Peer 1: 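Let me give you the structure first, and then I'll get to my questions.
Along the sequence shown, the residues carry numbers beginning at 1. What you are looking at is a predicted structure, and each value in this text was computed from that prediction instead of being measured. Note: hydrogens, waters and symmetry copies are ignored here, and every other heavy atom, side chains too, is used.
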Amino acid sequence: ATVVVKSDMQYPCIPRRYDNKLCFPNGTFVTYANSVELEYFKTMGGDILKYIGDILVYPYPCYPFSEYVDKIYNARLSTQEPFEKQIYKLLLNTLYGKFGTGKENSSILKYTEYDKLKRKGESFTDPLLILNKEYVLTTKISKNYPFYTNYAWPIFCTAYARVKLHKLILQVRDSGRIPLYCDTDSVIFSGDQLESSYNLGEYKTEWSTHYIELVNLKQYAYWNSDRLFYKCKGVPIPQRESFFNGEEVIINRPVKLKE
């Protein structure tokens, strides 16, 4: 639903898009949210001032991923092979988002073929990525969504995860600890450790430290086991220290295609 909300919280819990980025502000603003987020927002003292336009209602609940998650998670627990553990982790983390696939499709074409299609009136989205003098990476918008697209599933999975994360932040605060930073599935805080668990859907302690430097989103450094670890999303491990300290780094990575 499209809604006008008013938020005044120490840790806001309902998001909006600003400058093409997701943020969780206070104040009065227009945003898009589903029933899970809105109901939780109201329990936290938020006000829904107005509903705008139509609301999509899904009258029949379903649990499409329960059997899949149980099977893959148990397989991850049972194996001792690091490679298999990583594969099972990726299978768990990447499935639900696939149902949110849009209409964009990527193709690698010879430049002569791309030019011919443009002359025939084919429409491609910018920017055009030139791979070399002969090939280009193009992206175009299809007329129809993929047959497997179902936005409701990833939207609700994301909403439940946000609510769970917000509850953890409040648990940290209410126990006398101080939340410092959070990501999509974790919270960094100062104070004694919380109870740790390896059960499905619970939180476990990843590391503890006496020093941490938080610089930006997904960019921080901390001491662990007598060495300094650098976390910088998208930056290869050998280059993270240089990037973290403001030096220029050159990163080579494969081109990602949208299907």
Side-chain angles (χ1 to χ4, degrees), residues 10-13 15 21-24 65 68-98 157-158 160-256:
Q10 182 181 10
Y11 300 105
C13 63
K21 294 181 180 179
L22 191 71
C23 60
F24 289 76
F65 305 119
Y68 174 88
V69 169
D70 288 339
K71 181 177 181 179
I72 299 299
Y73 189 76
N74 288 330
R76 182 185 176 192
L77 291 179
S78 64
T79 184
Q80 300 302 316
E81 294 293 330
F83 175 77
E84 291 184 359
K85 285 184 176 293
Q86 183 65 19
I87 291 296
Y88 289 135
K89 179 180 179 180
L90 291 174
L91 288 173
L92 287 167
N93 290 348
T94 59
L95 173 66
Y96 85 94
K98 192 63 180 176
C157 284
T158 301
Y160 281 118
R162 287 175 180 165
V163 169
K164 186 175 180 66
L165 183 67
H166 192 266
K167 288 180 178 179
L168 177 61
I169 294 173
L170 298 186
Q171 179 186 346
V172 168
R173 180 200 64 184
D174 295 343
S175 64
R177 300 165 176 88
I178 303 175
L180 302 175
Y181 173 89
C182 77
D183 209 331
T184 54
D185 60 354
S186 62
V187 175
I188 298 174
F189 60 89
S190 65
D192 297 333
Q193 293 185 19
L194 291 171
E195 183 177 351
S196 185
S197 173
Y198 283 87
N199 293 329
L200 182 62
E202 299 301 324
Y203 290 99
K204 68 179 187 296
T205 300
E206 290 285 351
W207 45 263
S208 60
T209 182
H210 63 277
Y211 170 85
I212 185 169
E213 184 176 353
L214 300 163
V215 175
N216 209 332
L217 299 177
K218 300 181 183 294
Q219 186 177 337
Y220 53 88
Y222 64 93
W223 280 99
N224 192 17
S225 302
D226 297 323
R227 58 173 290 201
L228 194 58
F229 287 83
Y230 294 93
K231 292 291 186 178
C232 303
K233 183 182 179 182
V235 180
I237 293 177
Q239 297 168 289
R240 286 181 181 175
E241 182 176 359
S242 298
F243 180 83
F244 188 87
N245 291 320
E247 300 176 23
E248 182 178 345
V249 298
I250 298 176
I251 302 172
N252 294 317
R253 59 165 59 99
V255 173
K256 291 184 178 180

Peer 1: Should L228 and W223 count as side-chain neighbours, where that means a heavy-atom distance under 4.5 Å?
Peer 2: yes

Peer 1: Starting at CG of N199, measure out to CG of L77 and round the result to the nearest 0.5 Å.
Peer 2: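 Between atom CG of N199 and atom CG of L77 there are 9.0 Å.
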
Peer 1: Between H166 and Y11 (side chain of the first, backbone of the second, donor and acceptor by atom type, cut-off under 3.5 Å), is there such a pair?
Peer 2: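 Checking the backbone N and O of Y11 against the side chain of H166, a donor-acceptor pair under 3.5 Å is found.
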
Peer 1: Looking at every non-hydrogen atom in both residues, tell me the closest pair between I251 and G234 and how far apart they are.
Peer 2: CD1-O, 3.9 Å

Peer 1: Give a yes or no on whether E247 atom CD has more than 12 heavy-atom contacts from other residues, nucleotides or ligands under 6.0 Å away.
Peer 2: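 More than 12 heavy atoms, drawn from other residues, nucleotides or ligands, come within 6.0 Å of this atom.
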
Peer 1: Rounded to the nearest 0.5 Å, how far does CG of L168 lie from CG of L170?
Peer 2: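 Going from CG on L170 over to CG on L168, the span is 9.0 Å.
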
Peer 1: Do Y160 and L165 have side chains that approach each other closer than 4.5 Å (heavy atoms only, starting at C-beta)?
Peer 2: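 Side chain of Y160 against side chain of L165, heavy atoms only: no contact under 4.5 Å found.
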
Peer 1: Decide yes or no for D70 and F65: does some side-chain heavy atom of the first lie under 4.5 Å from some side-chain heavy atom of the second?
Peer 2: no

Peer 1: About how many Å separate OG1 of T158 and CG of L22, when rounded to the nearest 0.5 Å?
Peer 2: 10.0 Å

Peer 1: Ignoring hydrogens and geometry, is there a side-chain-to-backbone donor-acceptor pair from K85 to R76 under 3.5 Å?
Peer 2: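 Side chain of K85 to backbone of R76: a pair is present.
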
Peer 1: Going through the distances and angles, do N245 and Y230 end up as a side-chain contact (heavy atoms from CB on, under 4.5 Å)?
Peer 2: CA-CA 10 Å; N245 291 320; Y230 294 93; 4.3 Å; yes

Peer 1: Is it true that the NZ or CZ of R227 lies under 6.0 Å from the centre of F229's six-membered ring and within 45 degrees of the ring axis?
Peer 2: yes

Peer 1: Of all the heavy-atom pairs spanning Q219 and C232, show the shortest one and how long it is.
Peer 2: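 Closest approach of Q219 to C232, heavy atoms only: CG-SG, 3.9 Å.
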
Peer 1: Considering residues, nucleotides and ligands other than I237, do more than 12 of their heavy atoms fall under 6.0 Å from its CD1?
Peer 2: no

Peer 1: Check this for me: Y68, atom OH, are more than 12 non-hydrogen atoms of other residues, nucleotides or ligands nearer than 6.0 Å?
Peer 2: yes

Peer 1: Would you say L194 and V172 make side-chain contact, with heavy atoms under 4.5 Å?
Peer 2: yes

Peer 1: CH2/W207 to CD/Q193 distance, rounded to the nearest 0.5 angstrom?
Peer 2: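 W207 CH2 to Q193 CD: 11.0 Å, rounded to 0.5 Å.
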
Peer 1: Looking at side-chain heavy atoms only, is the closest gap between I188 and Y220 below 4.5 Å?
Peer 2: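 Contact flag for I188/Y220 side chains = yes.
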
Peer 1: Nearest 0.5 Å, please: how far is SG in C157 from CG in L95?
Peer 2: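 Going from CG on L95 over to SG on C157, the span is 8.5 Å.
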
Peer 1: Do S197 and E202 meet the criterion of a side-chain donor-acceptor pair at a distance under 3.5 Å?
Peer 2: no

Peer 1: Measuring from atom CD1 of I169 to atom NZ of K164, what distance do you get when rounded to the nearest 0.5 angstrom?
Peer 2: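 The NZ atom of K164 is 13.0 Å from CD1 of I169, to the nearest 0.5 Å.
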
Peer 1: Find out whether T79 and Y88 are in side-chain contact, i.e. whether some heavy atom of one side chain is under 4.5 Å from a heavy atom of the other.
Peer 2: yes

Peer 1: Would you check if F244 and K231 make a side-chain contact, meaning some heavy-atom pair closer than 4.5 Å?
Peer 2: no

Peer 1: Measuring only between side-chain heavy atoms, which start at C-beta, is N224 closer than 4.5 Å to T209?
Peer 2: no

Peer 1: With side chain to side chain donor-acceptor pair (under 3.5 Å) as the rule and sequence neighbours excluded, what pairs involving residues 171-190 come up?
Peer 2: Q10-R173, S175-R177, D183-K218

Peer 1: Would you say the side chains of Y211 and E213 form a donor-acceptor pair under 3.5 Å?
Peer 2: yes

